[in-house]
Amino acid sequence: MDAPLHFRTATEVSALLARREVSSVEITRAVIERTRAVEDRVRAFTARDEQRALAQAAASDARRAADRTLGPLDGVPVSVKDVLASEGEPLTCSSRMLANFVSPYDATAIARLKAAGAVLWGRLNMDEFAMGSSTENSAFHTTANPWDLDRIPGGSSGGSAAALAAGESIVTLGSDTGGSIRQPAALCGVSGLKPTYGRVSRYGLVAFASSLDQVGPLGRCVDDLGLLLGAISGHDERDSTSVRVPVPDFNVEAAARLAQHRERPLRIGLPKEYFGEGLDPEIRAAIEHAIAFYRAQGCDVREVSLPHTQYAIATYYIIATAEASSNLARYDGIRYGHRSTNISDAIDIYAQSRAEGFGAEVKRRIILGTYVLSSGYYDAYYLRAQKVRTLIRRDFLQAFEQVDALLTPTSPIPAFRKGEKSADPLAMYLADIFTISTNLAGLPGLSIPCGFTAGGLPIGLQLLGRPFEESTLLALAKSYEQSHDWHLRRPSL
Ligand code: GLN
């Protein structure tokens with residue numbers, strides 16, 4: 001039986017549109033109806049504009065009817081994390097600081113989605129300024145995990161993952177600074193990809209930690225990741241860290257990789273540091289099944305070592321907070337966003353506006369970041385962290401001399417209960433233990449569903465690759481997906 005329209009993938013929707021079996025307006029309506037039906041329980045969105053989305057859908061249908069040139073996502077509804085600027089739409093980063101801010105321009109990723117013909121459907125909830133692993137740091141509301149509404153969807157792109165799992169969107173964009181695409185994808189039973197640093201322009205992505213942030217896709221199948229990644233990738237002169245490398249058709253390239261590797265099997269590394277204590281036994285068992293699958297496919301699976309793994313969380317929380325403290329200095333009550341009315345002099349504008357506008361986690365990070373950059377501590381913390389970062393990257397590059405990809409769990413634990421970790425920031429920081437090093441090393445990584453706990457919570461499998469080898473990861477992910485149906489399961493909502 002065919003899935004209802006709101007649960008179709010972008011790849012399927014594109015095919016249906018191309019065969020004129022449905023219109024973009026019909027698809028968009030289906031997603032809107034579904035959102036109306038479940039959103040009071042899921043709360044994945046920060047803002048929605050049904051009329052705006054339907055107008056874009058009608059424009060796509062008109063292009064198709066007139067046989068005009070169509071983009072690769074023409075007529076497909078895409079929802080985006082509320083951290084990417086889209087002209088005329090709210091851009092809040094789930095912060096009181098930007099609660100009333102409307103973006104005057106398009107992020108490059110958004111401009112490319114629009115050029116590809118996508119229908120923009122809604123703004124997705126997140127941890128404030130992308131800081132967190134549960135979406136509980138949103139200043140507005142918490143998003144529920146569609147598989148268990150008492151649990152968190154992961155974060156910081158929790159809205160992007162929950163909306164997909166709940167059928168409120170066809171594909172979504174998130175951002176990943178230390179795991180924020182992969183971890184919520186894993187916890188919600190969908191797929192998500194963090195591109196190589198520099199693959200996707202950061203222009204118009206509200207900055208958290210500029211040397212780590214990347215925009216990337218989430219979807220209900222692996223092909224959707226390749227499709228969306230192709231649409232948003234490529235050099236951009238407005239982002240000096242975006243790289244001039246060719247943008248392939250990722251799905252075509254992934255298929256070619258798979259064909260090649262029937263002759264020469266891919267080599268997969270299991271970093272031994274990722275399989276130690278603290279890994280949930282059900283997750284371990286699911287990952288071992290996946291390993292057995294790849295072995296049965298003829299892959300050469302072997303243990304490798306990333307010896308500096310134990311320093312990753314500390315290194316990340318020095319570098320990310322240092323960059324955040326600098327990036328968030330722009331919210332001063334004058335240039336952007338919230339301005340306190342409780343002021344008696346000019347200095348109060350800064351202090352009061354920031355005191356009122358930022359939440360506790362954001363303040364904690366600004367304080368920590370300011371501290372590690374302060375004179376006297378800079379050498380001991382920030383500079384030292386940069387050196388360790390180089391060692392972490394080197395570990396990966398050495399591992400990639402022996403293997404083509406690394407396979408790990410995405411998260412050490414399945415979705416936890418709301419409130420369970422919000423009082424303990426350090427416990428929350430451990431949620432990203434398997435994803436954070438990838439960002440420090442600038443590498444691509446993806447997460448796909450690979451099972452469920454006995455209690456019905458999704459489990460994610462992470463694959464990491466060499467710089468700009470997203471296609472190898474997509475190939476491996478696709479071969480797994482073709483033989484399993486985890487990605488086809490839907491929560492009962
Ligand atoms: N959870 C990590 C943090 O809080 C990563 C967040 C992210 O990738 N944006 O910083």
Side-chain angles (χ1 to χ4, degrees), residues 1-35 50 52-80 109-122 163-164 167-173 190-193 200 216-234 246-259 448 470-471 474-475 477-479 481-482 485 487-488 490:
M1 202 182 68
D2 285 343
L5 279 184
H6 57 257
F7 270 131
R8 297 301 187 89
T9 66
T11 305
E12 289 167 346
V13 165
S14 285
L16 291 171
L17 289 166
R19 294 200 301 270
R20 306 196 182 206
E21 286 174 29
V22 293
S23 67
S24 174
V25 166
E26 281 172 289
I27 294 281
T28 306
R29 276 228 172 88
V31 170
I32 289 174
E33 289 301 321
R34 171 69 176 178
T35 306
E50 297 180 354
R52 188 184 173 111
L54 286 168
Q56 291 175 20
S60 168
D61 287 337
R63 282 194 293 276
R64 201 176 294 273
D67 281 326
R68 274 197 249 127
T69 318
L70 298 173
L73 290 166
D74 228 294
V76 179
V78 182
S79 306
V80 301
I110 298 294
R112 288 182 177 165
L113 280 185
K114 289 180 179 172
V119 171
L120 291 182
W121 166 234
L164 276 180
E168 298 175 281
S169 198
I170 302 295
V171 272
T172 62
L173 285 186
V190 299
S191 298
L193 185 149
V200 180
L218 293 94
R220 283 189 290 255
C221 70
V222 173
D223 277 347
D224 281 9
L225 302 182
L227 180 65
L228 212 60
L229 181 63
I232 61 173
S233 291
V247 178
D249 180 323
F250 288 100
N251 289 334
V252 169
E253 200 172 87
R257 290 273 142 92
L258 263 188
I448 52 170
E470 285 86 352
S471 298
L474 292 168
K478 179 98 183 172
S479 85
E481 189 184 80
Q482 280 166 348
D485 65 359
H487 66 292
L488 298 177
R490 305 288 171 236

Between V25 and L54, is there a side-chain heavy-atom distance shorter than 4.5 Å? yes

Neighbour count >12 (heavy atoms, 6.0 Å) for atom CZ, R257: yes

Start with the C-alpha distance between L227 and V171, add both sets of side-chain angles, then the distance that settles side-chain contact (heavy atoms from CB on, under 4.5 Å), and finish with yes or no. CA-CA 10 Å; L227 180 65; V171 272; over 6 Å; no

Here the gap from L474 atom CG to L193 atom CG, rounded to the nearest 0.5 Å, amounts to 6.0 Å

Donor-acceptor contact below 3.5 Å, side chain R490 vs main chain H487: yes

Residues that D67 engages under salt bridge (Lys or Arg N to Asp or Glu O under 4.0 Å), provided they are two or more places apart: R20

All heavy atoms of P248 vs all of S471, minimum pair found to be CG-OG, 4.4 Å

Spell out, as yes or no, whether a donor-acceptor pair under 3.5 Å connects the side chain of R112 to the backbone of G234. yes

Taking every non-hydrogen atom, the tightest pair across V31 and P77: CG2-CG, 4.4 Å

Should I27 and V76 count as side-chain neighbours, where that means a heavy-atom distance under 4.5 Å? no

Which heavy atom in S233 sits nearest to a heavy atom in F250, and how many Å separate them? OG-CE1, 4.0 Å

Got a donor-acceptor contact below 3.5 angstrom from the D485 side chain to the L488 backbone? no

4.5 Å side-chain heavy-atom contact, R52 and W121: no

Minimum heavy-atom distance D61-S23, with the two atoms named: OD2-CB, 3.3 Å

Pairwise salt bridge (charged side-chain N to carboxylate O under 4.0 Å, His left out) hits with a residue in residues 216-225, at least two apart: D223-K478

Within the structure provided, determine whether L17 and V22 are in side-chain contact (heavy-atom separation under 4.5 Å). yes

Separation of E470 CD from E253 CD (nearest 0.5 Å): 9.0 Å

Over all atoms of both residues, closest heavy-atom pair of L73 and A231: CD1-CB, 3.8 Å

Output all residues satisfying side chain to side chain contact (heavy atoms under 4.5 Å, CB included) with S479, sequence neighbours left out; order by chain, then residue number. L258, F293, Y294

Sub-4.5 Å side-chain heavy-atom contact between L229 and V200: yes

Pair L113-V80, side-chain contact (heavy atoms from CB on, under 4.5 Å): steps then yes or no: CA-CA 10 Å; L113 280 185; V80 301; 4.1 Å; yes

Report yes if the side chains of H6 and T35 come closer than 4.5 Å at any heavy-atom pair, otherwise no. no

Side chain to side chain contact (heavy atoms under 4.5 Å, CB included) against A477, all qualifying residues, sequence neighbours excluded: V222, L446, I448, L463

Could you please spell out the steps behind the side-chain contact (heavy atoms from CB on, under 4.5 Å) verdict for D2 and R8? CA-CA 9 Å; D2 285 343; R8 297 301 187 89; 3.1 Å; yes

Residues forming a side chain to side chain contact (heavy atoms under 4.5 Å, CB included) with E33, sequence neighbours excluded: R36

Within the 4.5 Å heavy-atom criterion, are L5 and L16 side-chain neighbours or not? yes

Restricting to non-hydrogen atoms, name the atom on I232 and the atom on G216 that form the minimum distance, rounded to 0.1 Å. CD1-CA, 4.4 Å

Side chain of E481, backbone of C221: donor and acceptor closer than 3.5 Å? no

Who are the side chain to side chain contact (heavy atoms under 4.5 Å, CB included) partners of D74, not counting sequence neighbours? S60, R63, R64, L70

